[in-house]
Structure formats: C-alpha cells, structure tokens
Amino acid sequence: MKILVTGGAGYIGSHVVKALGEEGHELLVYDNLSTGHDWAILYGKLVKGELADSRCLDEAFSAFKPEAVLHFAASIQVEESVRKPLRYYRNNVSNSLNLLDAMERHGVRNLIYSSTAAVYGIPDRMPADETMPLNPINPYGTSKVMMETVLRDIASAGNFRYIALRYFNVAGADAQSRIGQAYADATHLITRALKTAHGEYPKLSVFGTDYPTADGTCIRDYIHVDDLADAHIRALNYLVETGRTEIMNCGYGHGFSVKEVVSVAKKVTGIDFPVEETDRRAGDPPELIADSTKLRRLTGWQPRHDDLEFIIQTAWDWELKYSSRLKANL
Ligand SMILES: NC(=O)c1ccc[n+]([C@@H]2O[C@H](COP(=O)([O-])OP(=O)(O)OC[C@H]3O[C@@H](n4cnc5c(N)ncnc54)[C@H](O)[C@@H]3O)[C@@H](O)[C@H]2O)c1
Ligand SMILES: O=c1ccn([C@@H]2O[C@H](COP(=O)(O)OP(=O)(O)O[C@H]3O[C@H](CO)[C@@H](O)[C@H](O)[C@H]3O)[C@@H](O)[C@H]2O)c(=O)[nH]1
C-alpha cells in the first residue's frame, strides 16, 4: 500500500516505518522534525512539513496519493501539557483537524490514529478495557479524547474508517540499535534512568512515593516499541480487510512501579546511579494497565518482547550507541 505517515521521524513512528518498510509498503513520512530526525527514517521518503500547513499537506497528498494515513505527529508530554495546554490543543487537535481535512479533500478514508492510555484518567478497574469511561486528568489526555470524538463522528457520517490504538507506556528500541528515543531533553522514565546511569543527569527523581500502590510509586504497563509496531501492521490489515472502525488498547496487561523500573535499570546497566524521591509530578495517574484482549482477538497480535529486562536492555544498547554518535559529531 501507499501509506502517508505523519510523525514518522519520531520515536514510535520510525519503528512503525521500519516495520511497514520491511513488509514492502511504499511510504511517505510527513514530519516537521520538531522532535524527530531524518536519519530515523529507514524506509520511504520524507517531506519536511508542518501539519498546520494545508498547502504543504495538499502537495504531499497530490504527489504521493496515499491509500491510508498513520497519524503519529503530536505533542506527547503529560506534565508539559498541564503547564502549556494551548500548545497541546493546537498541535494535537487543531493540527489533526487540518490533516483530516486534507484526507477528505484527497479522498483518503483509512486512518490509524495514535491514542493513549491517558484517555482513561484514573480508571476504577484495572486492567482498563476499551469500554471504560474516558475521564482524562491532563490536557494531553483530553486532546486525545477530543480527537477520538471527532473521528467517531466523521466515521459515523460515512466514507471514513479508522482504528484508534490506545498505547500504554512505549519503551525500548530497535534490536539492532539503528533507532530509539532521541530527544534533546529526556522526560520518559526509562530513558531518563538510563541517561542518569550514563552520567548525563546527576540523579533520577522518583516523582511521588505516596500513591495508593504497593510501594507508593506509579505503575505503568511498558510495551516494547517493536511489539507496538507489529500491532500497527495488524491493525492496518484489519482495517483494510474488514473496513471496520475500532478502538484497541496496546499493552501487555501487567505493570511495573517506578521503583521496580529503577531496580531493573540498575541491573541491566550494572550502575548504581543516584536516585532521589521527590513530590508527585502534575497530571500523573497512579496506575495504568492495559486489557488488550480486543487487539489480540481481532488482529491475532501476540507480544514477542514482554520482558522488562529485554526492553531496558534494548533501550540501553541504543542509548550507548546514540550518545557515542552524538559525541563523534561534536
Ligand atoms: N511515547 C509513548 O509512550 C506514547 C504513549 C501513548 C501515545 N503516544 C502517541 O504516539 C505518537 C508518537 O509519539 P512518540 O513517542 O513517537 O513522540 P515523538 O515526539 O518522538 O514523535 C512525534 C513526531 O511528530 C512530529 N511532529 C510533531 N508535531 C508536528 C507537526 N505539527 N507537524 C509535523 N510533524 C510534527 C515530530 O517531529 C516527531 O517526529 C503521539 O501521537 C503520542 O501522543 C505515545
Ligand atoms: O524522571 C522521571 C520520569 C518519570 N517518572 C514517573 O514514571 C512514570 C512514567 O512516566 P513517563 O515515562 O514520563 O510516562 P507517562 O507520563 O506515563 O506518559 C507516557 O505514557 C502515556 C501512556 O500511559 C502516553 O500517553 C504519554 O505520551 C507517554 O509520555 C510516571 O509515574 C512518572 O511520574 C519518574 O518518577 N521520574
């Protein structure tokens, strides 16, 4: 298929581009490189473009004529969204509407949308399944609920179908260390812990030790980015074969606390890096664990890397390779 991938130069998008490329699809990445990198695109071509720029979108759609769109481009940090909500509504809602307008103008009716566990807020039951109420507790999660609502309504109006994948916490890197998380300032727990082990930060903060969990720290369901990429391939096949709109959780169904992640990171790296316990970070729910029965049942998805040590090992291998590459370029 000819597939346009917004945000394909970013962390998750680049791993999905890798998986789609390996399957032989023809790819066009549309990315403004605000947090992504051109070197991360292992297959297909890049248009360096901004979602807010309808003319640039039109040119890309006219020239490439995609049959489907995978939409990763967004602003993604929970805590930043609490401080800068407008930025999140602008990029995740307004700019996504621009993309949907372009899809409509060019008659493209298949979409895979990157949603998130943050739509659930603080679920009253765990693991969370797709039928649970959406009560986001931060603007990032709200922006994704808003887009899910828009998608529901345009699919109901006809001639458009989509699959919204609600990712839980995505982690790890390409097994060959060609791509991985590469931000100027890391905020995700695993990357931040590994960069601390590597000496890039003096210590790792554990945000909150008074949550209602066994050790008082937040619990998340960490899914390896290549398992998530496989979920996209399967979801796209499902969408094209059945034409059915669906929403599916992506996670393993069990979680680890911040303290557990820190301890595995110390084991994998062999470095006893400094850790300090601090106040809670704004916008964090205590626990998020996926019920991904639906994804497994409808698409046949089976995780291959459900092992926190393996996830952190691939992230560590990537971290070492990426930082030495950065040093070599200096
Ligand atoms: N990382 C996670 O744990 C996680 C969890 C749940 C959902 N998600 C969702 O997955 C998607 C991808 O996240 P990621 O972790 O790969 O983030 P990322 O920042 O690495 O990737 C986002 C990409 O989109 C591009 N981009 C951003 N705004 C753009 C714009 N206006 N125009 C063009 N390009 C733009 C960036 O340059 C980047 O390449 C996002 O929609 C995010 O909300 C991520
Ligand atoms: O230096 C740090 C960084 C994080 N944490 C904690 O670790 C947990 C995980 O945080 P992080 O890795 O930043 O991920 P989340 O805030 O859970 O958000 C991620 O996972 C969500 C889905 O659950 C996605 O929607 C978001 O885009 C993605 O950033 C949270 O309890 C944080 O408070 C720390 O204690 N110290």
Side-chain angles (χ1 to χ4, degrees), residues 5-16 29-38 40-41 46-53 56-57 70-81 87-88 90-92 94-96 98-99 113-120 128 136 138 140-141 143-144 147 165-171 179-183 186-193 195-196 201 203-209 211 213 217-223 225 228 232 249-251 255-259 261-262 275-290:
V5 186
T6 78
Y11 168 53
I12 298 171
S14 63
H15 286 81
V16 177
V29 170
Y30 189 95
D31 197 303
N32 65 7
L33 302 183
S34 53
T35 58
H37 306 273
D38 53 3
I41 302 167
L46 167 71
V47 167
K48 187 176 176 212
E50 165 56 57
L51 283 178
D53 184 347
C56 187
L57 277 171
L70 270 64
H71 179 32
F72 296 95
S75 301
I76 67 156
Q77 289 171 27
V78 170
E79 186 271 341
E80 184 187 53
S81 80
R87 170 182 292 194
Y88 280 70
R90 173 78 58 208
N91 203 23
N92 296 359
S94 173
N95 288 344
S96 291
N98 236 19
L99 173 71
Y113 177 66
S114 299
S115 190
T116 166
V119 297
Y120 295 115
N138 49 62
Y140 168 73
S143 73
K144 294 282 179 170
M147 279 316 299
L165 294 176
R166 292 180 180 156
Y167 319 155
F168 283 61
N169 286 56
V170 190
I179 47 177
Q181 261 193 2
Y183 304 131
T187 62
H188 289 89
L189 175 63
I190 291 177
T191 307
R192 189 87 187 187
K195 283 184 181 295
T196 307
Y201 298 102
K203 57 193 167 192
L204 178 78
S205 300
V206 171
F207 297 135
T209 51
Y211 284 98
T213 59
T217 65
C218 290
I219 294 174
R220 295 288 183 274
D221 184 340
Y222 294 91
I223 173 173
V225 64
L228 184 67
H232 285 74
N249 283 341
C250 301
F256 295 94
S257 72
V258 174
K259 282 187 176 170
V261 170
V262 169
V275 174
E276 67 165 356
E277 296 180 357
T278 66
D279 289 345
R280 291 182 179 199
R281 189 177 70 173
D284 281 342
E287 186 177 13
L288 285 171
I289 296 174

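Just so you know, ligand 1 is whichever comes first in the structure, and atom 1 is the first atom listed for that ligand. Just so we're clear, the structure is a prediction, and the values are computed from it rather than from any experiment.
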Is ligand 2 under 4.0 Å from a heavy atom in the side chain of [X], in the backbone, in both, or in neither?
X      : answer
Tyr167 : backbone
Ser205 : backbone
His188 : both
Arg220 : side chain
Thr187 : backbone
Val78  : side chain

task = Name the option, out of Asn32, Thr35, Leu57, that contains the heavy atom nearest to atom 35 (C) of ligand 1.
result =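 Result: the heavy atom closest to atom 35 (C) of ligand 1 is in Asn32.
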
Short list, please: which atoms of ligand 1 are under 4.0 Å from a heavy atom of [X]?
X      : answer
Gly49  : 32 (N), 33 (C)
Ser34  : 26 (N), 27 (C), 36 (C), 37 (O)
His188 : 1 (N)
Leu33  : 37 (O)
Gly10  : 20 (O), 21 (O), 38 (C), 39 (O)
Thr116 : 6 (C), 7 (C)
Glu50  : 30 (C), 31 (N), 32 (N)
Tyr140 : 6 (C), 7 (C), 8 (N), 9 (C), 42 (C), 43 (O)

I'd like to check which ligand 2 atoms, numbered from 1 as shown, lie under 4.0 Å from a non-hydrogen atom of [X].
X      : result
Arg192 : 1 (O)
Leu288 : 23 (O)
Val206 : 35 (O)
Cys218 : 31 (O)

task = Report the part of His71 in contact with ligand 1, treating N, CA, C, O as backbone and CB onward as side chain, heavy atoms under 4.0 Å; options are side chain, backbone, both, neither.
result =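 Neither; nothing of His71 gets under 4.0 Å from ligand 1.
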
query = Is ligand 1 under 4.0 Å from a heavy atom in the side chain of Phe168, in the backbone, in both, or in neither?
reply =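 For Phe168, the contact with ligand 1 is made by the backbone alone.
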
Parallel, tilted or perpendicular: ring planes of Tyr140 versus Tyr88, cut at 30 and 60 degrees =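 Rings of Tyr140 and Tyr88: perpendicular, over 60°.
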
Quick one: does [X] get an N or O within less than 3.5 Å of an N or O on ligand 2?
X      : result
Asp284 : yes
Ile190 : no
Leu204 : no

message = Is Ala9 close enough to touch ligand 1? Criterion: a residue heavy atom under 4.0 Å from a ligand atom.
response =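 Checking ligand 1 against Ala9, which is what was asked, there is a heavy-atom contact under 4.0 Å.
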
query = Between Arg281 and Glu79, is there a salt bridge with N-O shorter than 4.0 Å?
reply =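 No, Glu79 and Arg281 are not salt-bridged.
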
request  = For Asp31 and Ala9, indicate whether the former's side chain and the latter's backbone hold a donor-acceptor pair under 3.5 Å.
outcome  =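 Yes, the answer is positive, given that a donor and an acceptor are paired below the 3.5 Å cut-off.
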
query = Short question: side chain of Ser114, backbone of His71 - any donor-acceptor pair under 3.5 Å?
reply =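 Side chain of Ser114 to backbone of His71: a pair is present.
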
Any N or O of [X] that comes nearer than 3.5 Å to an N or O of ligand 1?
X     : result
Ala73 : no
Tyr30 : no
Ile76 : no

ask   = Which residue holds the protein heavy atom closest to atom 11 (C) of ligand 1, what is that atom called, and what is the gap in Å?
value =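 Looking only at protein heavy atoms, the one closest to atom 11 (C) of ligand 1 is Phe72 O, 3.2 Å.
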
Atom 16 (O) of ligand 2: nearest protein contact (heavy atom, Å) =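 Protein heavy atom at minimum distance: Arg281 NH2, 2.7 Å.
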
